[in-house]
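Quick note: residue numbers are just sequence positions, from 1. Values reported hereafter were calculated over all heavy atoms of this structure, with side chains retained and with hydrogens, waters and symmetry mates removed.
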Amino acid sequence: MGEVCLLLPWKKLLIMKNMKHFKTYLGAMALALSGCQSATDSCETTELWYAQPAEVWMESLPIGNGRLGAMTYGGIEEEKLALNESTMWSGQYNENQNIPFGREKMNQLRKLFFEGKLSEGNRIAGDNLHGNQTSFGTHLPIGDLKMQFIYPEGKVTGYRRSLSLDEAVSSVSFNSGGVNYKREYFATNPDNVLVLRLTADKQKSITMNMGLDLMRQADLSVEDNQLVFTGKVDFPLHGPGGVCFEGRIAVLADNGEVKMEQSEVGIKEADAVTLIVDVRTDYKSPDYKTLCADGVKKAAAKSYDELKQAHIKDYNTLYNRVSIHFGQDANRALPTDVRWKQVKEGKTDTGLDALFFQYGRYLTIASSRENSPLPIALQGFFNDNKGWTNDYHLDINTEQNYWAANVGNLAECNAPLFTYIKDLAHHGAKTAEVVYGCKGWTAHTTANVWGYTPASSTIIWGLFPMASSWIASHLWTQYEFTQDKQYLAETAYPLLKGNAQFILDFLAKDPKSGYLMTGPSISPENWFRTAGGEEMVASMMPACDRELAYEILSNCVQASEILNTDREFADSLRTAIAQLPPIQLRANGAIREWFEDFEEAHPNHRHT
């Protein structure tokens, strides 16, 4: 029996009176996880595998290097890789995104809420506290790289599709007409490209066509052995604007005949084929075309083995920090989808639990590296764009994308998130001043890459200025795990202090109870019902606001003590903390979601 290490997931709104103890518990688990090892399982591969190709996007397997990625389907006659790049965004900066309101009007609005005039208060808040999202934009997928193959006559046998979590390599293998075929795909961070390798155990066995089915309008051309596509993102559904982009696919065939055409590449009777893929945009990168061309050229000059070994070495510096086992994995011979089906039917599979924990770490590494230009978006950059906007939702989604980072011993993967928070703070200072008449910085539920920090186009889900505090809490968590005082002084504390300044200025004293309260704001994506039967969203000091205010203010106090700085400011925070309302319980023993004992209007809402 191997060492057992448990990880408990957070809930949608985990409200604890003191989250410090919970974080300490997570830290202890992280240390335990880093030492988990099983003598019986240590040499076994950790992988997701399937006995058939993916039929839909959700069944495909992701590869990523923190910026560039693909979803691999593993088709036999036709293979498809859905391409994505994290900066492939529509939209543009909107200098009129903040609708002025100010402190005087805010004080008048709060007076209505304190007097119990919630209907009028919600109406005025709804009319005035939303933002202007006319050029908000969204992250968008690039499209599909498709390959069609011709095989020897005969049956296809021994099909296997897998994603090795040990090496971050997606593989497809099968036998067709007596020839063993194998494909390997990976996204390398050191060389910053996608690498696709197609081989067979018999010479002259690879005959194929390769082309693009793009979701973005682009011009295609051929340069030597490269298929090139260039364009500009245009997605009017979310307003004007968008990045310019360039993609390149280098085709390297071992023997055989290669025919390059403007929209398609034909390869006949090759022994093996390697494809090098990159896509770049001009998002904060004016030299994107040069970077794309040089990156593909340099990678194509290396052997496949060089690229693969450099990729695995780089990936393993992060992934190999944690091993987790729950004893002998009795079901490892079963395909992953079969195991998942059995679990949904009520069976226990602790090996699958361990596998999914490592899969979460894999996705974190694939999506967020120190050199990533952006943090993980709502659905990550593995995005089929078939659902809602793929932006940044700061009311849980962006946060939960990074919950595995420190717990999974991947502190470096937080770096792009902290760079993004710094950008939010820059733009959010204007929102704090113009909308609320406050110092410091804030951001709300929805954010993008263009500096959007006010509430959404509606307050129903958007009026959540404490979302800034939720995302900022990750700055302190990083210090708790790393104990890096230089990081605390140079990165975390200045941003935490700015958010604490906003909270301090945003708090208002309730004339009835004497408590300091935030608001008006919402409990994320939830409605309450008043005693009169009206359904509303905005109120003063919902429980989540109270917790987040307490956490940021407390973290700032601790940081000031550690860094021996800002003593007077820390004292003002202590005074404010002492005046926050307590956590209150409902008659049934549950924690009140709102300061007043309101009924939840939609208890079966998908977010609750």
Side-chain angles (χ1 to χ4, degrees), residues 45-50 53-54 60-75 79-86 142 144-147 160-173 181-200 206 210 247-254 272-280 292 295-320 336 355 358-372 376 380-382 410 413:
T45 58
T46 306
E47 64 176 359
L48 282 68
W49 78 273
Y50 306 85
S60 58
L61 294 171
I63 55 173
N65 67 2
R67 176 187 66 85
L68 182 67
M71 301 295 289
T72 66
Y73 283 68
E79 172 64 294
K80 180 168 67 173
L81 278 76
L83 303 176
N84 284 280
E85 202 273 352
S86 67
I142 299 166
D144 298 333
L145 186 160
K146 291 187 174 181
M147 295 175 278
R160 196 176 196 276
R161 176 171 63 100
S162 65
L163 174 64
S164 168
L165 303 185
D166 299 314
E167 297 185 342
V169 175
S170 175
S171 302
V172 180
S173 60
Y181 291 89
K182 185 174 184 179
R183 307 177 201 148
E184 289 187 333
Y185 313 132
F186 60 86
T188 165
N189 187 274
D191 290 285
N192 222 344
V193 294
L194 299 178
V195 181
L196 287 58
R197 178 70 168 174
L198 297 79
T199 59
I206 299 179
M210 184 272 291
R248 289 176 176 264
I249 305 172
V251 181
L252 308 171
D254 295 2
V273 175
T274 302
L275 303 178
I276 307 294
V277 184
D278 192 16
V279 182
R280 300 273 182 165
C292 187
V296 170
K297 182 179 179 180
K298 289 177 182 178
K302 299 179 181 180
S303 71
Y304 175 73
D305 287 340
E306 284 181 291
L307 293 169
K308 183 179 178 181
Q309 292 309 312
H311 158 68
I312 293 172
K313 181 179 179 181
D314 167 76
Y315 171 76
N316 281 341
T317 59
L318 295 170
Y319 180 79
N320 285 354
T336 306
L355 178 64
Q358 291 290 47
Y359 185 45
R361 294 182 66 246
Y362 166 84
L363 289 172
T364 301
I365 299 169
S367 304
S368 187
R369 297 293 300 271
E370 287 182 274
N371 59 351
S372 296
I376 309 171
F381 61 74
F382 303 110
L410 299 171
C413 293

| Hey, what's the ring geometry for Y315 with Y362, parallel, tilted or perpendicular (30° and 60° as the breaks)? | perpendicular
| task | Check the pair L410 / I365 against side chain to side chain contact (heavy atoms under 4.5 Å, CB included), numbers first and verdict last. | result | CA-CA 8 Å; L410 299 171; I365 299 169; 3.9 Å; yes
| Is there a donor-acceptor contact under 3.5 Å linking the side chains of D278 and N192? | no
| query | Do we see a donor-acceptor contact under 3.5 Å between the side chains of S372 and R67? | reply | no
Closest heavy-atom contact between [X] and [Y]?
X    : Y    : value
L307 : A299 : CD1-O, 3.6 Å
L61  : Y50  : CD2-CE1, 3.8 Å
M71  : P62  : SD-CB, 3.5 Å
G74  : E79  : N-OE1, 2.7 Å
I206 : L198 : CD1-O, 3.2 Å
S170 : I63  : CB-CG2, 3.9 Å

| Where the side chain of R183 meets the backbone of L196, is there a donor-acceptor pair that is under 3.5 Å apart? | no
| Main-chain N/O of N189 paired with N65 side-chain donor or acceptor, under 3.5 Å | no
| said: Evaluate V251 against L275 for side chain to side chain contact (heavy atoms under 4.5 Å, CB included), listing each step before the verdict. | reply: CA-CA 5 Å; V251 181; L275 303 178; 3.9 Å; yes
| task | Test F382 against S367 for side chain to side chain contact (heavy atoms under 4.5 Å, CB included), laying out the working first. | result | CA-CA 8 Å; F382 303 110; S367 304; 3.6 Å; yes
| field | salt_bridge(R197, D305) N-O dist < 4.0 Å | value | no
| task | Among I276, V279, V277, find the residue that satisfies the side chain to side chain contact (heavy atoms under 4.5 Å, CB included) test when tested with V193. | result | I276
| message | Atom NZ of residue position K308 - does it have more than 12 heavy atoms of other residues, nucleotides or ligands inside 6.0 Å? | response | yes
What's the separation between atom [atom1] in [X] and atom [atom2] in [Y], rounded to the nearest 0.5 Å?
X    : Y    : atom1 : atom2 : result
L48  : L165 : CG    : CG    : 5.5 Å
E167 : H311 : CD    : NE2   : 7.5 Å
L194 : T72  : CG    : OG1   : 10.5 Å
S164 : Y319 : OG    : OH    : 7.5 Å
L163 : T336 : CG    : OG1   : 9.0 Å
D166 : T46  : CG    : OG1   : 4.0 Å

| request: Could you check K298, K302, K313 and say which one makes a salt bridge (charged side-chain N to carboxylate O under 4.0 Å, His left out) with D191? | output: K302
| message | Checking M210 against V273 for the side chain to side chain contact (heavy atoms under 4.5 Å, CB included) test, could you report, in this order, the C-alpha distance in whole Å, the side-chain angles of both residues, the deciding distance, and whether it holds? | response | CA-CA 11 Å; M210 184 272 291; V273 175; over 6 Å; no
| message | I want to check something: taking the side chain as every heavy atom from C-beta on, are L68 and R280 in contact at a cut-off of under 4.5 Å? | response | no
